Amino acid sequence: RLGFSDAVAAARSTAKYDLYAAFTSLPKLDLRSAPLALIQAHALFQKNSDMRAPIDRAAVAYDSFLESERSCAQINSQIESGYLTKDPAIAHIVHVAQRYVASVLGRAPSLADLECDFGPGSSASDKEAEGTTARWKLSSTCTISTSAFAEFAALRACYPRWLLYKQATPVIGLLDFVPKSFKTDRSIMVEPLLNTFVQKGIGRWMKKRLYRRGIDLRNQSVQRERAREGSVTEKWATIDLSRASDSIAYLLVMELLPFGWFSLLDTWRTPMCRYKKDFITLQKFSSMGNGFTFELETLVFKALL
């Protein structure tokens, strides 16, 4: 009933990767005319990360990560060469975006102002499953990026009951991958423990500032209602940008944010990561795994729009 053909049934009975063979034998969908049930079935398989397929998903994700790095490197090079000021129209957009960002963020908070917290994932201190609990993190090695190492004394003064007798260990981030779809994994950065702790506080502060300007990242009801309305009236459409969080180039953030904010975020981001034997100096500002990436990319996209 969903449009599966006899070819699909034959593929399922003969192929080693039966579900994968069935899925790939489906016709390419025209989303404007295909039956809704077939679109739903297609989406169900598309996002099925458990489907066995002859694909090295981590390798695909790593190639995508490197492609994002090359793209960000190109953007950084263009900004460094004065691209944003050569064209008056582009310079005007950047100027308006800068003013918008400054009005949203206000003054940069101090460490003492932030409500820091642990994220739900693991850190570079311990990637074991039990390492995701707050109790485990409080007793594990206090890893920190080289960029934030000089701030450890200030952080210790804010949390003396935890950090008074602790030492900070400088490390770099670890590039890792989590399931996304049958075709590829999703790249994430396993950040140093203290970086994630402060990043969560920065993200929470930014989220409150965005809320004051009508952008509520804690409540998705507005987006849900617009998606429903769009499906009925075609008044709204949604787009899913490829590698959106990996596309925020370092120098773009430097251009758009007030210096105090840029300095705060730059201090607590992780500037370098490792994957197997590769050491990578990041051209993007931050990636998934960083506690303020979502808030930062929301602000950058909104400012440019």
Side-chain angles (χ1 to χ4, degrees), residues 101-102 104-127 131-132 134 136-175 188-210 248-274 279-297 299-300:
V101 169
V104 169
L105 292 179
R107 69 169 181 87
S110 66
L111 281 176
D113 293 327
L114 299 176
E115 299 175 33
C116 299
D117 194 5
F118 294 115
S122 59
S123 73
S125 297
D126 198 325
K127 286 186 61 181
T132 61
W136 188 277
K137 291 175 181 178
L138 285 168
S139 61
S140 61
T141 303
C142 290
T143 51
I144 193 169
S145 68
T146 53
S147 59
F149 186 74
E151 295 295 310
F152 179 66
L155 187 64
R156 174 189 277 162
C158 295
Y159 300 93
R161 292 188 179 183
W162 173 31
L163 298 174
L164 185 60
Y165 300 107
K166 293 271 193 177
Q167 298 297 320
T169 303
V171 298
I172 63 175
L174 302 174
L175 182 63
I188 60 168
M189 194 72 65
V190 182
E191 305 258 343
L193 177 67
L194 296 180
N195 287 66
T196 58
F197 182 70
V198 176
Q199 288 164 6
K200 286 284 288 182
I202 294 172
R204 183 172 286 141
W205 185 282
M206 295 176 72
K207 196 172 290 183
K208 289 179 179 178
R209 297 296 303 185
L210 285 163
I248 307 299
Y250 181 84
L251 288 186
L252 178 63
V253 177
M254 180 185 285
E255 284 286 338
L256 294 182
L257 268 62
F259 180 76
W261 269 99
F262 174 79
S263 179
L264 175 66
L265 269 60
D266 191 37
T267 296
W268 291 101
R269 71 185 278 267
T270 300
M272 180 178 284
C273 73
R274 174 172 60 86
F279 291 83
I280 305 164
T281 299
L282 296 177
Q283 297 292 324
K284 65 175 66 68
F285 194 83
S286 62
S287 58
M288 298 305 293
N290 181 306
F292 56 69
T293 289
F294 183 54
E295 292 79 9
L296 176 62
E297 66 175 329
L299 178 60
V300 169

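Start at 1 with the first residue, then count along the sequence. The structure presented is a predicted model; accordingly, all values stated were derived computationally and were not measured.
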Roughly how far, to the nearest 0.5 Å, is [atom2] of [Y] from [atom1] of [X]?
| X | Y | atom1 | atom2 | result |
| --- | --- | --- | --- | --- |
| S140 | L193 | OG | CG | 5.0 Å |
| Y159 | C116 | OH | SG | 3.5 Å |
| T293 | M189 | OG1 | CE | 9.0 Å |
| M288 | N290 | CE | CG | 9.5 Å |
| F152 | K166 | CZ | NZ | 9.0 Å |
| L174 | I188 | CG | CD1 | 10.0 Å |

Is it true that S147 and S145 share a donor-acceptor pair across their side chains at a distance under 3.5 Å? yes
Looking only at the side chains, is there a donor atom on one of E191 and T270 sitting less than 3.5 Å from an acceptor on the other? yes
Heavy-atom pair of closest approach, residues [X] and [Y]:
| X | Y | answer |
| --- | --- | --- |
| S286 | F292 | OG-CE1, 4.1 Å |
| L163 | R156 | O-NE, 3.1 Å |
| V104 | R209 | O-NE, 2.8 Å |

Might you work through the side chain to side chain contact (heavy atoms under 4.5 Å, CB included) test for N195 and I144, ending with a clear yes or no? CA-CA 6 Å; N195 287 66; I144 193 169; 3.6 Å; yes
Are any of the side-chain heavy atoms of V101 and L299 separated by less than 4.5 Å? yes
Under 3.5 Å, side-chain donor or acceptor atoms of residues 256-269 against the rest of the protein: list the pairs with distances, not counting sequence neighbours.
| from | atom 1 | to | atom 2 | distance (Å) |
| --- | --- | --- | --- | --- |
| W261 | NE1 | G106 | O | 3.1 |
| W261 | NE1 | R107 | O | 3.3 |
| D266 | OD1 | Y250 | OH | 3.1 |
| D266 | OD2 | Y250 | OH | 3.1 |
| T267 | OG1 | S263 | O | 2.7 |
| R269 | NE | F285 | O | 2.7 |
| R269 | NH2 | K284 | O | 2.9 |
| R269 | NH2 | F285 | O | 3.4 |

If we ignore hydrogens and angles and just use 3.5 Å, is the side chain of D113 paired with the main-chain N or O of S110 as donor and acceptor? yes
Residue pair R204, L114: steps toward the side chain to side chain contact (heavy atoms under 4.5 Å, CB included) verdict: CA-CA 8 Å; R204 183 172 286 141; L114 299 176; over 6 Å; no
